[in-house]
Amino acid sequence: MSSKLASNGTFLDVAAIKADFPILARTIRDNKKLIYLDSGATSQKPVSVLDAERTFYERHNAAVHRGAHQLGEEATDAYEQARDTIASFIGASAQDIVFTKNATEAINLVAYSISNATYGETPAEQSLSLQPGDRIVVTQMEHHANLIPWQELARRTGAELAWLGVTDEGRLDLTDIGKTINERTRIVAFTHQSNVLGTINPVESIVKAARAVGALVVLDACQSVPHMAVDVSRLDVDFVAFSGHKMLGPTGIGVLWGRRALLQAMPPFLTGGSMIETVHMDRATYAAPPQRFEAGTPVAAQAVGLAAACDYLSKIGMDSVQAHEHSLTQYALEGLSSIQGLRIIGPDTAVERGGAISFLIEGIHAHDVGQVLDDRGVEVRVGHHCAWPLMRAFGIAATTRASFYLYNDTSDVDALVESIQQAQKFFGVK
Amino acid sequence: MSSKLASNGTFLDVAAIKADFPILARTIRDNKKLIYLDSGATSQKPVSVLDAERTFYERHNAAVHRGAHQLGEEATDAYEQARDTIASFIGASAQDIVFTKNATEAINLVAYSISNATYGETPAEQSLSLQPGDRIVVTQMEHHANLIPWQELARRTGAELAWLGVTDEGRLDLTDIGKTINERTRIVAFTHQSNVLGTINPVESIVKAARAVGALVVLDACQSVPHMAVDVSRLDVDFVAFSGHKMLGPTGIGVLWGRRALLQAMPPFLTGGSMIETVHMDRATYAAPPQRFEAGTPVAAQAVGLAAACDYLSKIGMDSVQAHEHSLTQYALEGLSSIQGLRIIGPDTAVERGGAISFLIEGIHAHDVGQVLDDRGVEVRVGHHCAWPLMRAFGIAATTRASFYLYNDTSDVDALVESIQQAQKFFGVK
Amino acid sequence: MYQEIILDHYRHPIGRITLEDFDSEVHHVNPTCGDEITLRVKIDDGVVSAIGHQGQGCSISQASASVMTELLEGQPLQRALEIEAEFLTLMQSKGEGKPNEDLLEDAVAFSGVSKYPARVKCALLAWMAFKDAALQAVAQTVEEQ
Amino acid sequence: MYQEIILDHYRHPIGRITLEDFDSEVHHVNPTCGDEITLRVKIDDGVVSAIGHQGQGCSISQASASVMTELLEGQPLQRALEIEAEFLTLMQSKGEGKPNEDLLEDAVAFSGVSKYPARVKCALLAWMAFKDAALQAVAQTVEEQ
Ligand SMILES: Cc1ncc(COP(=O)(O)O)c(C=O)c1O
Ligand SMILES: Cc1ncc(COP(=O)(O)O)c(C=O)c1O
């Protein structure tokens with residue numbers, strides 16, 4: 001796959017990459033070339049991922065961790081090897097990652113386990129529980145997935161929810177961080193990279209503030225793990241959550257990484273088969289992590305598919321992926337800024353920012369922008385992007401968002417810019 | 001597919017069916033023909049299911065319910081059409097089924113939602129909550145997935161857990177049902193068909209007892225929906241849970257059907273994107289079912305795959321599938337009973353029983369039976385089958401279990417019987 | 001999709017006012033995009049005497065509110081609800097519907113929208129709000145009697 | 001996999017008794033199959049003087065407990081734990097391990113089991129129980145001093 005390495009400056013050889021993604025060869029509406037700029041919502045899948053899932057079903061499918069027969073062994077091997085691959089991808093040990101159905105479940109797992117700690121029997125368990133007056137801190141730029149589970153945890157435990165605000169440029173406002181993350185703060189949950197603004201948050205500063213008061217740190221890495229090298233062993237956070245479908249993997253799989261001592265202390269969330277140690281009619285004891293948190297028949301084929309996605313990304317190299325997207329973002333910010341009446345919501349330079357670019361077009365509602373773009377084959381996302389409170393903070397209802405991945409190139413950005421200009425013409429705002 | 005309809009008596013044309021399942025052409029160990037008798041754990045997948053998933057990824061993949069662009073529309077259509085197909089398969093309306101990652105999550109959803117009702121703000125929500133002294137009734141033959149979530153719910157709410165016992169023949173002991181399902185009983189959760197014993201439980205009698213005291217009824221249909229026609233509109237239960245992977249579908253998808261009024265009253269379980277109505281920093285309101293219970297990016301490709309599995313089963317006809325398995329079970333019970341030293345755990349006639357047959361071989365531990373069988377290509381399950389309390393009720397540690405599906409025929413049963421006899425010879429117990 | 005009628009109504013919306021004299025008010029939101037409408041309605045002797053709407057949304061949702069106001073004001077409630085039902089059917093027709101022009105008049109311009117499932121909710125936002133408000137107004141009258 | 005040595009030990013197990021005089025007792029379970037072992041150990045002056053085990057399990061787990069008892073009884077604890085470590089390595093070798101025959105003696109017969117991941121846990125059940133019990137016994141002695 002060396003043919004896909006950066007060939008012209010920091011850009012990847014996108015033509016070669018595109019060829020691995022069958023869907024990118026299709027057309028939209030009346031024979032328009034598909035220009036997919038919605039990878040922030042979900043990514044497309046290369047053939048190697050589809051083949052990996054299919055081979056699992058056609059050759060090795062059986063109940064994981066339950067069958068003593070050869071098929072069962074092969075399925076278990078495939079599943080646990082996938083765990084190894086995915087763990088290595090983020091610099092983790094296999095025993096410290098838990099498979100869920102998506103990042104949303106991964107974050108809910110943490111919130112519910114903490115909530116269950118209230119009923120815990122061991123001191124280790126109880127020490128995780130929240131009391132009325134305890135504080136959970138989030139930020140104003142969170143995706144609903146990293147906001148509502150904490151609202152609900154606060155409701156169940158009587159803890160209070162506080163948050164860090166956002167500046168006009170779309171950065172976290174850390175002026176009062178010491179006040180927001182106060183002595184009573186037990187959990188700080190924030191996103192590594194905003195799915196709306198593109199902003200990459202200063203993990204170190206926030207972790208420092210959290211550590212100063214002994215709070216746990218939950219990092220929503222949905223928009224970082226797919227786009228840059230993330231090494232959990234260096235981040236010094238306690239939990240990291242991300243989804244497979246945003247990083248070339250299948251739908252139906254998410255990952256929670258947790259600090260080992262915490263996973264070991266945490267009570268289970270979902271309960272049922274495969275997560276037990278012993279079971280009596282009236283009580284049960286539970287297996288060690290990660291099994292403790294993987295109740296029921298696991299997302300086996302999906303793990304195998306996600307491991308293939310990690311392999312695909314690793315071969316290209318996450319640093320190359322990031323460099324490519326960075327150049328593309330720079331190019332896009334320039335192109336978009338040249339459009340009169342266009343306002344970028346989020347940082348307008350490529351510094352500490354990823355390739356999700358939200359914007360408003362004066363006089364045209366985001367829905368209408370999206371529609372005109374779609375008619376030209378340009379697929380972008382419009383709406384509140386599951387970050388409604390962030391929209392409110394900016395006093396707006398919706399943005400149009402273009403987001404990039406390794407299979408996008410400057411010609412895709414050119415098409416975006418042109419189509420926006422077309423929309424302005426159509427709605428007579430220019 | 002008419003070629004696959006019953007051609008000799010009640011048997012299906014298994015040769016034609018086998019040809020649809022690529023894995024069944026493979027060999028085990030030293031070139032032994034694969035004889036897959038572990039469908040109770042997970043089923044194999046026909047090509048049409050694999051193709052459906054792949055086509056989704058290659059043609060229509062996008063974020064479901066979030067994209068306004070054409071790909072997003074197509075993905076949403078595919079997902080919601082899958083919901084229609086799967087709902088019809090069990091006689092339900094699409095709006096009354098919720099997709100989860102497996103049946104275990106589906107049952108946990110009900111248990112956690114009831115637990116969250118304690119914090120509910122509306123009277124409808126609160127009326128679902130449990131109080132200390134309230135009772136949850138299960139049975140001694142439950143899979144851990146339909147036992148531990150209720151143990152945990154009891155622990156969280158202070159409710160007590162009680163259970164119906166099992167007779168020596170492996171039927172539910174309903175003698176004292178009126179005492180067990182008493183006035184304080186709020187929930188009765190039981191399995192439609194035992195994954196260990198094969199027993200089909202008398203839904204009507206249990207529902208009657210539950211209704212008499214106003215208890216909700218949760219039916220674990222993991223082993224029934226794949227093997228017989230199940231019509232939720234006739235069962236008169238409140239919730240039905242099952243998994244896709246046991247009915248020719250992919251891993252990573254489960255289904256919860258719920259009575260509409262209940263789903264509407266229930267608070268959410270997992271929270272995050274796509275399940276909201278409005279979101280503020282400190283509070284949120286939630287969408288109507290089924291969206292309320294499907295937080296995050298859904299298991300879209302898996303839903304499409306499961307719909308293809310339903311189509312496959314519907315074309316053959318669930319009554320034909322059941323008749324086929326019934327005949328096979330009858331044949332197997334006869335064959336197994338002829339083996340000296342073999343004891344069947346569960347009903348020894350095919351009356352009101354499905355095709356999961358558990359047995360003990362005098363003098364040989366189940367693990368050793370399984371090993372010898374595996375060496376001959378016969379894949380059965382050994383152990384407690386995630387029903388450990390049931391093992392205890394029979395005073396045993398483990399059984400060997402053979403379970404059938406539409407791709408098994410009498411020659412598979414013959415191989416089973418022969419291999420058991422070989423194992424007896426090998427261990428010198430015969 | 002963007003019929004000239006739609007764009008006209010979008011640019012010069014009818015009923016984009018705050019009614020001072022009204023029987024009921026509703027606030028509806030499209031959760032997928034955050035678009036909102038606040039709609040007030042006045043019913044006199046079973047006739048929809050006035051509709052006023054405020055909010056934010058795309059051209060489709062704005063134009064739809066405008067067309068609806070023009071169509072329904074002055075209609076007997078019964079007939080207004082018939083028109084609403086017909087519009088709903090049209091929107092759910094996935095581009096296959098044959099609109100009843102007598103009933104729908106300018107609203108037939110929205111036929112094309114029904115081909116875009118993600119936009120159907122935009123077109124329906126105002127209509128759902130109206131139906132809700134009208135039923136509340138009626139329920140209230142019944143209660144007062 | 002089913003070496004004659006294994007079947008022999010299975011049929012005529014060594015140490016399948018309940019020790020009356022012991023320093024620690026553990027109960028281990030294999031959660032995937034429900035097999036159980038209760039194991040007692042007596043350590044005198046740093047030497048494993050007696051092991052007794054009861055429980056239920058397959059031929060592999062029973063024979064393994066028997067072979068282990070034969071091997072470890074009378075060994076200095078240090079060396080017993082070395083043997084245990086060597087056995088663990090062998091079991092995790094997926095059929096690729098070259099067993100140290102000097103250390104493992106009869107236990108080399110279990111090499112074949114390492115090719116069957118689902119059975120490795122059976123072979124290890126008694127060994128894990130022994131390690132656990134021995135460490136508890138030692139910890140206890142330290143505490144008493
Ligand atoms: C009767 C029964 N209930 C529940 C389950 C749990 O299903 P899953 O593991 O797919 O969640 C199973 C299968 O494992 C089962 O057989
Ligand atoms: C920043 C962020 N967090 C969380 C999520 C939720 O991920 P999922 O929907 O896969 O659970 C997303 C994507 O939707 C996201 O972009």
Side-chain angles (χ1 to χ4, degrees), chain B residues 56 59-85 93-95 98-99 263-264 267-268 270-298 300 303-304 307, chain C residues 1-3 6-7 10 25-39 53-65 88-97 110-133 135-136:
Chain B
F56 175 81
R59 300 282 310 157
H60 314 297
N61 178 63
V64 162
H65 284 303
R66 294 189 185 174
H69 47 64
Q70 189 186 349
L71 274 192
E73 285 170 5
E74 289 179 12
T76 306
D77 270 359
Y79 182 63
E80 291 303 335
Q81 268 165 30
R83 196 192 299 278
D84 286 345
T85 302
S93 292
Q95 61 188 296
V98 174
F99 291 130
L263 289 180
Q264 282 169 347
L270 300 176
T271 56
S274 295
M275 50 74 72
I276 57 103
E277 189 185 55
T278 57
V279 183
H280 292 81
M281 271 318 289
D282 58 346
R283 66 191 188 282
T285 57
Y286 302 116
Q291 273 69 41
R292 185 187 303 163
F293 303 104
E294 294 183 0
T297 302
V304 168
Chain C
M1 167 157 168
Y2 292 112
Q3 302 282 321
I6 292 181
L7 291 175
Y10 174 48
E25 176 188 301
V26 298
H27 178 72
H28 275 211
V29 180
N30 180 343
T32 45
C33 64
D35 285 357
E36 326 188 33
I37 189 168
T38 302
L39 184 141
H53 56 88
Q54 292 285 359
Q56 55 184 351
C58 61
S59 60
I60 301 299
S61 73
Q62 299 291 300
S64 181
L88 179 61
T89 305
L90 177 64
M91 284 300 100
Q92 292 171 339
S93 71
K94 307 196 172 179
E96 308 291 319
F110 289 86
S111 303
V113 176
S114 71
K115 269 182 278 182
Y116 298 84
R119 305 305 297 278
V120 167
K121 282 188 187 166
C122 310
L124 287 176
L125 186 64
W127 294 78
M128 292 298 120
F130 166 75
K131 191 177 174 182
D132 190 5
L135 294 181
Q136 281 185 29

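Lettering follows sequence order; numbering is per chain, from 1.
Minimum interatomic distance between Glu73(B) and Lys115(C) (heavy atoms only, all atoms of both residues): OE1-O, 4.2 Å.
For Phe130(C), the ring-ring contact (aromatic ring centres under 6.0 Å, His included) test picks out no residue, with sequence neighbours left out.
Residues of residues 276-288 of chain B lying under 4.5 angstrom from chain C, judged on non-hydrogen atoms, are Ile276(B), Glu277(B), Thr278(B) in numerical order.
Only the backbone of His65(B) has a heavy atom closer than 4.5 Å to any heavy atom of chain C. Residue Lys121(C) does not touch chain B at all, counting heavy-atom pairs closer than 4.5 Å.
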